[in-house]
Amino acid sequence: MSRSAHPAGPRHADVIAEGHYTPPPADLNALDPKVWSRTVTRGADGAVAVGGIEVTRLAEEFGTPAYVLDEDDFRARCRAWADAFGADADVFYAGKAFLSKAVVRWLHEEGLNLDVCSGVELAVALAAGMPAERIAFHGNNKSAHEIETAVAAGVGRIVLDSFQEIARVAHTAERLGRRQRVMIRVTVGVEAHTHEFIATAHEDQKFGLALAGGQAAEAVRRVLKLDGLELTGIHSHIGSQIFDMAGFEVSARRVVRLLADVRDEHGVELPEIDLGGGLGIAYTSDDDPREPQEIAKALHDIVTRECEASGLRSPRISVEPGRAIVGPTAFTVYEVGTVKPLDGLRTYVSVDGGMSDNIRTALYDAEYSVALVSRTSDAEPMLSRVVGKHCESGDIVVRDAFLPADLAPGDLVAVPATGAYCRAMASNYNHALRPPVVSVRDGAATVIVRRETEEDLLRLDVG
Ligand code: LLP
């Protein structure tokens with residue numbers, strides 16, 4: 001998923017000799033600010049610190065593996081997105097990337113809205129005091145219970161994803177005596193990939209109602225007839241870990257065209273559009289993500305231009321960044337357990353976590369960086385593969401990276417940019433206990449999600 005290229009074909013000594021690998025960085029002790037959160041520094045004694053606390057201390061106090069989240073960085077990214085989009089747009093943090101009550105409070109304090117995609121995400125948001133009107137509820141198969149809870153709570157918008165759901169939400173709203181604000185999620189026929197976008201057979205996926213073929217227009221017709229629903233606009237989300245703005249521009253253009261069609265057919269100008277999330281972050285030094293300012297300007301410009309061309313008032317724009325806010329704010333710290341050099345190939349470095357705390361490498365072939373964080377080293381770079389402790393050879397955390405050749409059991413290594421979709425997608429494979437999330441700020445550390453315990457898992461096992 002990361003933009004950095006994998007060497008094609010077999011990854012063995014010949015490939016290394018042919019120079020298909022990114023060469024080792026000039027200084028293995030340096031921490032590239034592109035991939036590490038803002039308050040990460042290396043202290044005089046060589047240990048890495050974040051939020052004013054040394055990682056060695058965090059590991060001692062909270063154990064490993066652990067996700068360490070830089071609260072200042074998280075808040076700064078929230079503000080950067082909110083400032084870039086300004087008062088006439090809405091930024092919804094996509095909670096699926098990582099959600100906890102502390103995060104919801106930070107979002108609330110920084111003035112962001114929240115996108116949830118399950119009843120339990122909604123419960124977390126409400127429990128942490130996010131006002132319901134600032135919550136958008138997503139999902140392609142919301143249950144009757146989820147719909148009822150969302151409508152009863154008064155969520156600001158439900159994003160409708162199918163004809164069945166239009167009827168279900170309308171029925172629930174009418175039964176509860178509510179008029180629910182809704183958007184229709186459309187598939188615009190753009191599938192965005194990491195560094196390109198391809199126009200695809202838009203029907204061939206589970207989300208949304210296709211613009212082509214008229215499903216989206218039919219959805220608008222149906223929603224406008226229902227008393228229980230107030231249609232506020234059109235939603236589109238084109239993919240994830242995207243660097244190229246071209247896909248968003250095509251999407252914005254097609255969504256605005258639908259607004260014009262709706263005006264022509266129904267005499268109604270829908271006031272809002274939501275262009276989804278999906279902005280990429282740097283997982284390695286090769287990745288060059290866009291800044292929120294640049295993204296906001298590109299989206300505003302295209303929407304304004306298209307609206308002017310169609311004689312429409314510019315709608316209020318929403319965006320839903322998840323990864324771009326939380327991804328860069330956390331790293332995972334592991335303790336090295338074994339170091340196994342394979343002659344002419346690479347060295348396998350086994351850590352005390354693995355695919356249960358970061359499935360992204362195995363699932364998406366995602367690339368990550370890694371660094372020794374408990375000390376510095378002047379040893380030669382050693383081509384390494386950081387692997388977990390699970391009973392599976394695909395249990396890889398970092399496929400190809402350089403670590404110092406004197407790496408030894410007991411050293412701490414950290415993998416940056418694990419804030420998004422790592423704890424959120426963590427599993428109990430091999431009955432691994434899911435790691436804690438520890439937030440740090442101004443010299444203080446707080447467990448915001450605690451480590452699972454053996455008792456937690458045994459309690460579920462009621463056979
Ligand atoms: N809005 C909607 C409707 C979405 O479906 C998503 C992500 C987002 C916003 C946020 O996207 P983001 O800005 O975080 O890329 N597990 C995958 C990513 C799946 C994203 C699903 N939807 C990964 O680890 O890369």
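Nothing fancy with the numbering, it's 1 onward along the sequence. Counting starts at 1 for both ligands and their atoms, following the listed order.
A salt bridge is defined here as a Lys NZ or Arg NE, NH1 or NH2 lying under 4.0 Å from an Asp or Glu carboxylate O, and R385 with D400 meets this definition. In this structure, D90 pairs ionically with R316, as a charged nitrogen and a carboxylate oxygen lie closer than 4.0 Å. Between E265 and R221 there is a salt bridge, with a side-chain nitrogen of the basic residue lying less than 4.0 Å from a carboxylate oxygen of the acidic one. A salt bridge is absent between K142 and D161; no separation between the charged side-chain nitrogens and carboxylate oxygens falls under 4.0 Å.
Less than 4.0 angstrom separates some heavy atom of H235 from each of these atoms of ligand 1: 3 (C). Taking every heavy atom of P321 and a limit of under 4.0 angstrom, the matching atoms of ligand 1 come to 13 (O). Using a 4.0 Å cut-off to heavy atoms of R185, the atoms of ligand 1 that qualify are 3 (C). Ligand 1 places these atoms under 4.0 Å from at least one heavy atom of A94: 8 (C), 9 (C), 10 (C). Of all atoms in ligand 1, listed by their number and element, those nearer than 4.0 Å to a heavy atom of H138 are 3 (C). Heavy-atom proximity to G277, at under 4.0 Å, picks out these atoms of ligand 1: 1 (N), 9 (C), 13 (O). Close approach to G322 involves these atoms of ligand 1, each under 4.0 Å from a residue heavy atom: 12 (P), 13 (O), 14 (O).
Not a single heavy atom of A324 sits closer than 4.0 Å to an atom of ligand 1. Contact analysis leaves A420 out of contact with ligand 1, as no non-hydrogen atom separation drops below 4.0 angstrom.
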**Prompt:** Is there a salt bridge (Lys or Arg N to Asp or Glu O under 4.0 Å) between E230 and R181 once you walk through the steps?
**Reply:** CA-CA 5 Å; E230 177 188 344; R181 290 160 70 86; 3.4 Å; yes
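Outside the 6.0 Å centre-distance limit, the rings of Y421 and Y364 are not counted as a close aromatic pair. Two rings, from H235 and H138, have their centers less than 6.0 Å apart.
The distance criterion of under 3.5 Å between nitrogen or oxygen atoms is not met by A97 with respect to ligand 1.
Contacts between D115 and ligand 1, counted as non-hydrogen atom pairs separated by less than 4.0 Å, involve the side chain only. If you look at R323 next to ligand 1, the close heavy atoms, those under 4.0 Å, come from the backbone and the side chain alike. Within the 4.0 Å heavy-atom criterion, the part of Y364 lying near ligand 1 is the side chain and not the backbone.
Here the closest heavy-atom approach between residue V35 and residue P416 is recorded as O-CB, 3.1 Å.
Within a 6.0 Å sphere centred on CD of E269, other residues, nucleotides and ligands contribute more than 12 heavy atoms.
The closest heavy-atom contact to atom 1 (N) of ligand 1, among the options Q241, E320, R360, K96, comes from E320.
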